[in-house]
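Everything below concerns the one structure shown next.
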Amino acid sequence: MLEARLAQASVLKRTLDAIKDLVSDANLDCDDNGLKLQSMDQAHVALVALALRSNAFEPYRCDRNINLGMSLGSLSKIIKCAGNDDVVTLKAEDNKDKIHIMLEAPNNDRLSEYSLKLMDIDAEHYGIPETEYDATVRMSSVEFQRICRDLLVLSESMTIETTKEGVRFSADGDIGAGSVTLKQGGSVDAENKETATQVELNEPVTLTFSLKYLANFTKATPLSDVVYLSMSSDQPLLVEYRIEDIGYIRYYLAPKIGDAN
Amino acid sequence: MGVQGLTKLIGDHAPGAIREHEMKDYFGRKVAVDASMCLYQFLIAVRSEGQNLTNEDGETTSHLMGFFYRTLRMMDNGIKPIYVFDGKPPQMKSGELAKRGARRAAAEVSLKEAQEAGEQENIDKYTRRLVRVTKEHNTEVQQLLTLMGIPFVVAPAEAEAQCAALAAAGKVYGAASEDMDTLTFGTPTLLRHMTYSENRKKPINEVSYEQVLEGLEMTKETFVDLCILLGCDYCESIRGIGPHRALALLREHQSIENILASLDPDKFTVPEDWPYAEARRLFLHPDVADPATFDFEWKKPDEEGLVQFMVNEKGFSEKRIRDGIAKLNKISTTATQGRLDGFFTAAKRPAAAAGANAKKRAAPASGAKSAPATKKRAGGSGGRPRR
């Protein structure tokens, strides 16, 4: 039996918006610690891992571990029916084929109830090795979104190059080439020092990634002001959005391999 | 030509072993393609008005057309093919080859009859049966592949066996062949319909060896015995033992020896001097070149060489060939997307959760039984509604 009450429907709305285009169906794994979701996209190029901790919910109750397979698109459609300040409650009983969703308006005078059919999804669960990354960039999520959008005009791939001085994003395509360099410590938004670019570096790293996927990841931008990009040579990129006091969305993306062989 | 009835048996007993994929799902994969089978396929299928394509001198060019465009299509989807050609057929196959010779002779007679009667449909049918792959076809295709910069291997014996060995050694992701033999030779992954024409819109069937064995509850050795009983290229099978009986007998007795010992000789006639042990040896230890000795390289195509060969000698349209080469060149310079599978390993789902789910899954299974051969679509969309 799962019962989870979330004070702000907007968080769930944004979270689903951030992942539903990457994975259409997935299992929501529920246990004592909270809700978790992990799934690769159809092509096995990217993996999304979502965690919403139990203390984000009030109350949170999960007596037995259950996993709820569902269409994220459908869930998103239902949650979209909620106002941003509505209270959402997710309820699922053990061994039932439905999840119940209740939406309460803040002044308590409107209560909507939905249910969503569950599915059996046999997707594999992946072990993600704990990695010490060679480079981690912490930067404004809005700026990252903009860079991805701008460079997508030129090419399907973007190269990310980290050095002590900062981070450089570049794309080279049929019509031309372009690049954006962000300096260490610089802030795009002068009023918000929080989003200043920071590069933590053990070793300089240069990797190339599919912009289509990166642009897809930036759908999580409304969830957090900053984004963390972690890279090591020849390893998947980790793009992390931390949802304050609640959990995180982590995207992993396999690099493009330059050498044809 | 493969193992009779094996696909159906797998569909019935190990439905999870066959999954459907689209070609684009295989980007970044290296694949060993059974070239001898393709060659045959193209000579039969690539036709216009029932006739093979030819150049001005009347030389057949169907196979070149097939190899050029299908290779291009695979490369375009990010797949890196390695073609494997047949070497000398093993001695054991002589019986099968003689049979094929007889069938060819029969087809020749039928063709004559059809021609006399003027039945176009039958003429087409029997001409297709008379297709023969010659040495020239082989060398021409190899020349084409060299010019295109695509690696190929000539196997010491059977191409399927070599493909399987390459896949088992991890040199390639899987073996692409229509021939179910390839599975008997132990390829971890068999890809069927990889070289089909795009127009046929057939998904690629990926067969997992491990899941086949699991579903049939067999070891590698019993599986080979099963294929022999079903009927393979190397020896006869026992009359009266069909797929279901073969499976039941092997599950009970584990090997052909034990089955023979308990079989009622009045009911079933075992072929005299039945060389099943030799056939088994061929499947388990086929004559293949050591996969470790190969280092495959996909080179840039030789543009002028290709134009000379395909356009000047074989009469293909220069524009089309140059367009194809341009495509090949573009592919070789763009970076290929990597896959996450190599970095993250599949683990079991959280234990407690899996337990709860297994219970739930058990219930709808009875309903699903009516369609046991239903293939699962791979990937994220593998969801079935719960009851």
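Note on naming: letters A, B, ... go to the chains in the order of the sequence lines (proteins, then strands), and numbering restarts at 1 for each one. Keep in mind it's a predicted model, so treat the numbers as computed, not measured.
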Atom CG of A/Leu50 and atom OG of A/Ser39: how far apart are they, to the nearest 0.5 Å? 11.0 Å
Under 6.0 Å between ring centres: does that hold for B/Phe67 and B/Tyr83? yes
Select one option (side chain, backbone, both, neither) describing which atoms of A/Asp172 are under 4.5 Å from chain B's heavy atoms. neither
Measuring heavy-atom distances to chain A, does B/Tyr26 have an atom under 4.5 Å in its side chain, in its backbone, in both, or in neither? neither
Examine whether an atom of A/Ser210 lies under 4.5 Å from a heavy atom of chain B, and if so say whether it belongs to the side chain, the backbone or both; otherwise answer neither. both
If I measure from the heavy atoms of chain A, does B/Lys330 come under 4.5 Å with its side chain, its backbone, both, or neither? side chain
When you measure from the centre of the six-membered ring of A/Tyr228, is the NZ or CZ of A/Arg242 under 6.0 Å away and within 45° of the axis? yes
Does the distance from a Lys or Arg side-chain N to an Asp or Glu carboxylate O, for B/Lys24 and B/Glu22, drop under 4.0 Å? yes
Please rank A/Leu47, A/Val23, A/Thr208 by heavy-atom pairs under 4.5 Å with chain B and give me the top one. A/Leu47
Side chain, backbone, both or neither: which part of A/Asp234 has an atom under 4.5 Å from a heavy atom of chain B? backbone
Among side-chain atoms of A/Tyr213 and A/Asp41, is any donor-acceptor pair under 3.5 angstrom? yes
In terms of heavy-atom proximity below 4.5 Å to chain B, should A/Glu156 be classed as side chain, backbone, both, or neither? neither
Is the NZ or CZ atom of A/Arg5 positioned over A/Phe57's six-membered ring, under 6.0 angstrom from the centre and within 45° of the axis? no
